[in-house]
Protein chains: 2
Amino acid sequence: MRIGDLAATSGLSTKTIRFYEQAGLLPEPPRTPGGYRDYPERTTQRLAFIRDARGAGLTLAEIRSVLALRDAGASPCTHVTALIDQHLTDIDRRLTELRQTRAALRALAERAAATDPAECTDADICRILAGTNSERPY
Amino acid sequence: MRIGDLAATSGLSTKTIRFYEQAGLLPEPPRTPGGYRDYPERTTQRLAFIRDARGAGLTLAEIRSVLALRDAGASPCTHVTALIDQHLTDIDRRLTELRQTRAALRALAERAAATDPAECTDADICRILAGTNSERPY
DNA sequence: GTAGACCTTCCAGCGCACTGGAAGGTCAAG
DNA sequence: CTTGACCTTCCAGTGCGCTGGAAGGTCTAC
């Protein structure tokens, strides 16, 4: 199976597949006499796993660690469960931050609606934002 | 006022201040005979505005556009209001995405709790994630 | 005169996951 | 024999907002 076929069946680009190899997610495949990568069928499953794991929000580094466990013959389930829990925590934190940012932005929008442009001075630059020292980039 | 003083009063690093100058957010200040940057007092206000705008989630490019309007003598209020509205829309979209991702991860966590590690085969790599083809990286 | 606090410029890198492009090799069909 | 689809490697860039470090200049205090 050549890289183009693998790309077609997995929905990834050939560039991405080579990148995954270089990133240690895929083992180096055997080559044809002409030097083309010649993948075994099961690489399809491996890419499907990577896609699923990406969909669950795992980073490539995390996926690499899961694959390394499996490749070493271990069962990565416990590890995967821990990663999922950690990502849940991350997401909850980000949701909280985002909600705070939204509240701040809502307040600014109201303030904007109530602001007379004439009040904005050169020194303020823009009165709408002046003094909204929230320290909360998102 | 030298760059170190400005850094101290604004809470930014000297690196960041030079970076802002290079990024077109700060005009080039006059120099002392020794070649040091010598900022006027009002640069403090300008940095305070940048900080406030960053806190509201505006990008440096957006902030640059606001400052350019003000520097051109225009009142940027309308522009700022539009940017705020746009960021509100962005945030709402991101919140929706994040909530969906969280729901998916919750489901995975439950599945993980109910999964017997023995079910994970080499071909699966990890059954917990198998077939969760959600296409929703976050 | 020398320590050291501060400043200067310039270049490079981070993290993340790719993506683009150049320059060239391989292979099947016509 | 040529066309063209496909493949190879290697290098570099994307976006975003900085951050680090090297190599050197300036100024104040002792």
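Computed from a prediction, not measured in an experiment: that's the story for all the values here. A, B, ... follow the sequence lines: proteins, then strands. Residue 1 opens every chain.
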For this session: Report whether B:Leu12 and B:Leu6 are members of the same hydrophobic cluster (ILVMFWY, side-chain heavy atoms less than 4.5 Å apart, transitive linking).
Result: yes

Exercise. Heavy atom of residues 59-67 of chain A under 4.0 Å from DNA chain D: which residues?
Worked result: none

Exercise. Once you round it to whole Å, what is the distance between P of C:dC16 and CZ of A:Arg54?
Worked result: 11 Å

For this session: Kindly work out whether a path of hydrophobic side-chain contacts (I/L/V/M/F/W/Y, heavy atoms less than 4.5 Å apart) joins B:Tyr36 to B:Met1.
Result: no

Exercise. Looking at B:Glu97 and B:Arg93, does any basic side-chain N land under 4.0 Å from a carboxylate oxygen?
Worked result: yes

Exercise. Is any side-chain nitrogen or oxygen of B:Arg31 closer than 4.0 Å to OP1 or OP2 of D:dT26?
Worked result: no

Seminar exercise, completed: When rounded to whole Å, the CE to P distance for the pair B:Met1 and C:dC7 reads 11 Å

Problem set entry | Same cluster (ILVMFWY, side-chain, under 4.5 Å), B:Leu47 and B:Phe19 | yes

Problem set entry | Which nucleotide in D:dT8, D:dG17, C:dC6 has an atom nearest any side-chain atom of B:Arg2 | C:dC6

Problem set entry | Sequence-distant partners of A:Asp38, salt bridge (charged side-chain N to carboxylate O under 4.0 Å, His left out), two or more places apart | none

Exercise. Do you reckon B:Ile84 sits in the same ILVMFWY cluster as A:Leu98, going by side-chain contacts under 4.5 Å, direct or chained?
Worked result: yes

Problem set entry | Stretch residues 13-24 of chain B: residues that reach within less than 4.0 Å of DNA chain D through a heavy atom | B:Ser13, B:Lys15, B:Thr16, B:Phe19, B:Tyr20

Exercise. Between A:Asp71 and A:Arg46, is any pair of side-chain heavy atoms under 4.5 Å apart?
Worked result: yes

Exercise. Starting at CD of B:Glu28 and ending at C1' of C:dT8, how long is that distance when rounded to a whole Å?
Worked result: 13 Å

Exercise. Excluding sequence neighbours, so at least two apart, what forms salt bridge (charged side-chain N to carboxylate O under 4.0 Å, His left out) with B:Arg31?
Worked result: none

Exercise. Is the phosphate of C:dT9, meaning OP1 or OP2, less than 4.0 Å from a side-chain N or O of B:Arg37?
Worked result: yes

For this session: Write down the distance between CG (A:Leu47) and P (C:dA17), rounded to a whole number of angstrom.
Result: 16 Å

Hey, what are the protein-to-nucleotides 24-26 of chain C N/O distances that come in under 3.5 Å?
| residue | atom | partner | partner atom | Å |
| --- | --- | --- | --- | --- |
| C:dG25 | N2 | A:Tyr36 | OH | 2.6 |
| C:dT26 | O4' | A:Tyr36 | OH | 3.3 |
| C:dT26 | O2 | A:Tyr36 | OH | 3.0 |

Exercise. Rounded to the nearest 0.5 Å, how far apart are CD1 of A:Ile91 and CZ of B:Arg102?
Worked result: 8.0 Å

Exercise. Expressed in angstrom and rounded to an integer, what is the separation of B:Leu26 atom CG from D:dC18 atom P?
Worked result: 12 Å

For this session: Return the set of residues passing salt bridge (charged side-chain N to carboxylate O under 4.0 Å, His left out) with B:Arg64 (not counting sequence neighbours), or none when no residue passes.
Result: none

Problem set entry | Flag if over 12 foreign heavy atoms under 6.0 Å of CZ, B:Arg42 | no

